[in-house]
Structures are given as structure tokens and as C-alpha cells.
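Have a look at the structure below before the remarks.
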Protein chains: 2
Amino acid sequence: MAEVSEEATRVSGIADVARLAGVSKSTASRALSGSGYVSPATRERVTAAAVALGYVPSTNAQSLATGRTQNVGVVMPYVNRWFFAEVLEGIQSALLERGLDLTLYDATPGSDRRRRIFDDFLARKRFDGLIAVGLEPQEDELDRMLSFDKPVVSVIGSSPRTSVVTIDDEDAASRATGHLLALGHTRIVFLGGGAGARDHHVEASRVRGYREAMAEAGLAHEVRHLPATLSMPDGYAAAVDLLSDPRERPTAIVAACDEVAIGAMVAARRLGIQVPAGLSIIGIDDHEYADMFALTTMQQIPREQGATAVELLIRQIEDPAAEVVDVVLKPRLVVRSSTAPLGRGAVPRIDAAG
Amino acid sequence: MAEVSEEATRVSGIADVARLAGVSKSTASRALSGSGYVSPATRERVTAAAVALGYVPSTNAQSLATGRTQNVGVVMPYVNRWFFAEVLEGIQSALLERGLDLTLYDATPGSDRRRRIFDDFLARKRFDGLIAVGLEPQEDELDRMLSFDKPVVSVIGSSPRTSVVTIDDEDAASRATGHLLALGHTRIVFLGGGAGARDHHVEASRVRGYREAMAEAGLAHEVRHLPATLSMPDGYAAAVDLLSDPRERPTAIVAACDEVAIGAMVAARRLGIQVPAGLSIIGIDDHEYADMFALTTMQQIPREQGATAVELLIRQIEDPAAEVVDVVLKPRLVVRSSTAPLGRGAVPRIDAAG
DNA sequence: TTGAAAGCGATACCAC
DNA sequence: GTGGTATCGCTTTCAA
């Protein structure tokens, strides 16, 4: 390693570029950053010199001088769940397109790590803005993020103090329930959410949407919510409980998300219950696996939510006075074959598409 | 926003701390960074002043002065696959413990984005070291990463030029196959891998392990590899093909990874084939869902691989002369109930644990 | 043990 | 249009 770097040409700075182009540092800087007057001829010479030297500006020096870091911080509670991973990818590509780096803060809820992230790491302000994914009501954390005096955009969750990108969770759950009602189901259970100690905004909204749809259909007495973490294994376990007793068994399930829905499907099959013949299941997400499980679901596209969040953030970085906006997406119903009219469910086809 | 920042106290720098403590900037710096001589009394006064002012050093200025960024770059092809997400979490927590930031470069294979990451982003050298996860043989990309003259550690893949953390893929597949052979199976198919254009090192090694185990058992003529992407939907689709024709059907499957294995299980159930009664399936990973699907598998713990990678990297950052090492982990067999002796498979139990 | 001053590598204001 | 120079905030010799 040592011998390589000794032979290698010293990394060149803007001073080298200026020298080679026969201009001053200031002119070189102006020519390269594109701000300020430089004659076309000079600009060309400087650019050529930069290319010739393989000049790469030091972002550190730039940041020091300008106060801009060219970097965006992303705070999210998990990275190993479909929704979050997709949002992350959406954010990443939107950022890359604009030449911005992404610093990830994986802040598992309730962990010491999370506290440290908020107390120490974020305080370094190595970002021009922050995207908070699924941080939920936690007011103190939001306070903290806003205290840095840099723009913040939330994905998921409602906050009057930041721009927000989210789906209308209540509406999504309500329409999912409506789909089942339209198929003639009345014994409809809502599965998942409300399992943790804290009140999760997304989960609560979805439960509410379900409740209201049931109430509107005059089925308030049939309302039944079975809590579970928003994960496939937990959805599976909860569904096994739910479905084991034939007398208590519903004819349809609205799952809090696709992972839970798929867990429920697996449980149903394990118990010998045909889906959708014996049980209809609808989810919310349109998860990567939804197609293979032929899952009917309310589709959201987290990748686009991530990209939108970046857009909103950039806007605010460029113009701090830009207004805070909410982008509320309406998921669309994607019908596959995990739902069927009550009592007339067809046995699912067997092929790659499910 | 403007009015807030105007009322707020100006963010304080080390100069303010020094002034408050009644010492010079240099002394303050020494006291805070812990390098160089400072009398205990002075140190205390400086520390107190720093706390009083809520001083947070500017990492940019620090980096500019020291050349250290306090930041590690992580390059990985996906973030939405179990293995990668887990490795990422492992890396993140190890980094946070040491006060280092993590910049993520999600370099989807073959994308323009990926090229840009290598050409432009990495070139900024905003990191003290790089962790490359699953970058595979790509020599040119490795060249590029090494050209920055900063330490690089790979997770997965073998490279004589960087430290590597990986499992012994060949051994894993070979032992997985051995497990099936021991149960009396002979018609064993290897499912997954080898689907893309490029030769994926991990996949190739696993296939080889399978081949050799079969050959050693005198079953070279039974060797059969069905390609598929390492994803659940693809594993599912490939398995549907494989299992549809009863005459061609194997009695056991070694899957290239758990996602493929689970896809195959779902396919089997869809086709009415009992697992393990009619078909044994073994995977490699010990995926989050393995338990719920009662999948027998060769366990690896990617989270720990990530943490190990961080350790190796730090060591090299602190001592560039530190030797390059390979950490090769041996997965252990976790027997659940997706595998059974040939012809005597029990019907799986029905409970939460699978 | 402490302080003064010279960088680190850019940007940006202000003359020319 | 272009160049000189102060500046961003910290670290780090080198004297004292």
C-alpha cells in the first residue's frame, strides 16, 4: 500500500487546477462551480485542466466554506422490512441522481442506539436535511430533529411541523374492508397492529378505517381486532390462534399489512383452510411477494414515496421558506385471488402467477 | 424558521469553549480530543465549558484538519433482501458503537447508478474505509475501491486483496446435501443460483458443494441443477416447474438460499405435495422466516458478519500495515421439519413454531 | 503545560 | 472578467 501511494501522483486540489489552467484559485473555483462570471474560454481551460488532473473537490473543504454538506440523513427504525427497505431504495436513487450522499441512521425503536443517534450523531449536523421514515408521533424526537434548523421531511406519520409523505391509512383499510363487504362477508376480522406498547399511528389509523367501514355497514357488533406485530411470523402465529377454533373462525381477514396477510395465508394452508374458498384475505402494501401468494391488496409504492420525500426535502433545502406540504397518496385496490365472494370461493389456479 | 435562528444563540465553536475556559484554542482542542498534554485542572475546566455551551465539534473542520472523516462507506447491491439488510444492521450497530457514521451506496448490479457510484461518489473519498458487501468477482470495481488508498473489507466473495468475511459456501452446500443423503435421499435437485449472466461466486460455490457431495456418494449421474434468482418468487416459480411433472419429481431439494427454499415450500403446498412427507427441502441462511416455515437449513448470521467486517476495517484504519485476513465461518445445521427420511416423512405439526 | 500561528481545501467578497 | 485575501472550524507543529 505504501509503495503504491508514494509512486502515485499527489492528489490534486483546486490550486493545481488553477495553476495548470494559468488562472487564480478563485477563477478556477468559479469556473468549476458554475457560479459567478467566467469567460467561456477560461471556463474551458479550467475544465480541461480539472479533467486532466482528475480533480475531485474535497467535499469537506466545500462544506466548511459553504455550509452545505451535500449529504442527507435518513432515520428509520428498521431496514429489514419490505416497506422500509423499499423507501430507502427510493430515497437513495433520488439522492444519487442529484449527487447527494445518504447517511443512514438505523434507529431501532427503544434501543440505546436510538437514543445515541438522536443525542450524539444527529447533533453533528452532517446533513443538509433529514428524512424521517416511520418515526411516528414521538414528539421529543421530532423536536430534536427540528432543533437542528435544517429541513425535515417525514415519510409515514402525520406531523404538522414537517412535510409528510404518506398514504391515507384509514381510507386504505376502509376500502379493503369495503372490498370484503362487497363480496358478502360479514364476519371480518382485522389482523395485526396494536401489539406494541406505544400507540402506532399507522396501525391505529388502519384499525379505525376497518372499524368505520364495519360500522357503516351496520356491522359494529362484528368488529374484532386481533393484535400482532407487523411481521410475517407474527401474523402467522396470530392467525394460527385465530383460525384454530372453527366456531370462532371468520370468513374474511383484513390484514394490517401484506406481511401479516401472507403470514395468515400460510397459517390457513397449514390448517387445511382453502384461500379464498374457506377464507378471504386482503392486505395493504402490494409486497414483493404479494403476486406469488396471489394476494389481493391495497397497493402502495414505497419507492415512490421515498423519491417524493427527497423532492420535498430538496425544495426546502433550496428555499427554506418553502411551505410545508403533505402528500397523501391513495392506494389502489389490486385484486388477485385471495378474496372471493362468500361461500363461492374458487380453488386457486396453480401456476407461476399464483 | 428565520426568526427562530435569529433569536437562538449562535452555535458555539471551539473558540467559544476556549474563551469560556480561559485558555487558547490549541489547549481546548488538546483537552477535548485527549491528545497531547493538558493539566487535569485545565482539562476539567475545558470540558465543563464545552458541556455548558453544548459544544459539538464540526466534523467537517475536523476532517479537513486530520484527514479522518469518521465515516465508513458501505456498498451493497441490494438492501431489500434478508441477507443484505441483516449485514447492514450489523455494520450499522458496530459503527454506532464507535461513533462512526455510515454512508450507504446501494449499487444495484448493472445499473447506471452503480457506475455513477463507483465513478463519482466513491471518488469523493468521504470515508475512512469501505465495506463491500456481495460485490463478487468484479475485478475492475475492486480495483477502483482499492485505488482510493483506504482500507476495504469485503463481506462475501473471495478476494486476495482485501480482508474478507464470509461463510464457506461450498462446505455449507455440501453438508446440506449430506444431510439429505444421510436421510436416504438420492434424487436430490439443487435449486437456485446461476440464473444471471454473470458468474456469481457464492452461487457457483454452493452448486459445487452440492455436486461434490453427490459425486462422493456415487450419485454423479443424479446431479441436477435448476437455475433461479436467489429470491422467493423466483424460487417459487422454478419449483412449480420442477414439481409439476410427477415423473421428474425429486424426493429432496437443496436450495441455494432460504428464500428459494421457502419459495419451493410454497410451491409444493400449492401443488398438494406434503413437506417433508413427499418432499424434503433444505436451505442455507436461517432466514427470519425459516422458523415459521419449519425449514431445515444451514445457519449463518449475517448480522455478525457485518460486525466482524467493521472490526477488521477499524483495525486497518488504525494500522494501515495490519495484515489482510480472511474470516471464514462454518454454518451449522439447524434441523427443523422440512426434511425427513426418504419415504417415512411425518406430517408436520401444526403450531406456532411450525 | 500552554499558546501562537500555520495549514487543511475550498468559497466568496471586494477591488482592480 | 479576474485575482487577492479573508474565512469556514479545527488540529498540530514549534516556541516559550
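Numbered from 1 within each chain, the chains take letters A, B, ... in sequence-line order.
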Near DNA chain C, which residues from residues 62-72 of chain A have a heavy atom under 4.0 Å away?
A/Q62, A/L64, A/A65, A/T66

Which pair of non-hydrogen atoms, one from B/T47 and one from B/L32, has the smallest distance, and what is that distance?
CA-CD2, 4.4 Å

Just compare D/dC10, C/dA10, C/dA12 and give me whichever is closest to any side-chain atom of B/P57.
D/dC10

My understanding is that only residues two or more places apart in sequence, or in another chain, count here; which of them pass ring-ring contact (aromatic ring centres under 6.0 Å, His included) with A/Y78?
A/F84

Roughly, in whole Å, what's the span from NZ in A/K125 to C1' in D/dC8?
14 Å

Answer yes or no on whether B/R144 is positioned over the face of B/F148, meaning its NZ or CZ is under 6.0 Å from the six-membered ring centre and within 45° of the axis.
no

Just report the end-to-end axis angle for the helix from C/dT1-D/dA16 to C/dC16-D/dG1, five pairs per end, to 10 degrees.
40°

Looking at every non-hydrogen atom in both residues, tell me the closest pair between A/L88 and B/L104 and how far apart they are.
CD2-CD2, 3.8 Å

Phosphate OP1/OP2 of C/dA10 contacted by A/S29 side-chain N/O (<4.0 Å)
no

Six-ring centre of B/F118, B/R115 cation under 6.0 angstrom, axis tolerance 45°:
no

Write down the distance between CZ (B/R124) and P (C/dA10), rounded to a whole number of angstrom.
13 Å

Can you check whether B/V87 reaches B/I91 side chain to side chain, under 4.5 Å on heavy atoms?
yes

Near DNA chain D, which residues from residues 48-56 of chain A have a heavy atom under 4.0 Å away?
none

Heavy-atom closest contact (B/G13 atom, B/Y55 atom, distance):
C-CE1, 3.5 Å

To check you understand the geometry: which heavy-atom pair defines the closest contact between B/V56 and A/R124, and what is its length?
CG1-CA, 4.0 Å

When you measure from the side chain of B/S93 to the backbone of B/E89, do you find a donor-acceptor pair of N or O atoms at a distance under 3.5 Å?
yes

Whole Å only: how far is the CZ atom of A/R126 from the C1' atom of D/dG9?
14 Å

For A/N60 and C/dG9, what is the distance between atoms CG and C1' respectively, to the nearest whole Å?
9 Å

Give me the atom names and distance for the closest heavy-atom approach of B/E141 to B/L135.
OE1-CG, 4.1 Å

Tell me the interatomic distance from A/R19, atom CZ, to D/dT2, atom P, rounded to whole angstroms.
19 Å

Residue set satisfying salt bridge (charged side-chain N to carboxylate O under 4.0 Å, His left out) with B/R98, at least two apart, ordered chain then number -> none

Side chains of A/I131 and A/V75, heavy atoms from C-beta outward: is any pair under 4.5 Å?
no

Check the interface with nucleotides 2-5 of chain C: list each N/O to N/O pair with the protein under 3.5 Å, or write none.
unit_1, atom_1, unit_2, atom_2, d
C/dT2, OP1, B/S39, OG, 3.1
C/dT2, OP1, B/T42, OG1, 2.3
C/dT2, OP2, B/S39, N, 2.8
C/dG3, OP2, B/S24, N, 3.0
C/dG3, OP2, B/S24, OG, 3.3
C/dG3, OP2, B/T27, OG1, 2.7
C/dG3, N7, B/R30, NH2, 2.6
C/dG3, O6, B/R30, NH2, 3.1
C/dA4, N7, B/S26, OG, 3.1
C/dA4, N6, B/S26, OG, 3.1

Does B/R114 pair with B/D106 as a salt bridge, N-O distance under 4.0 Å?
no

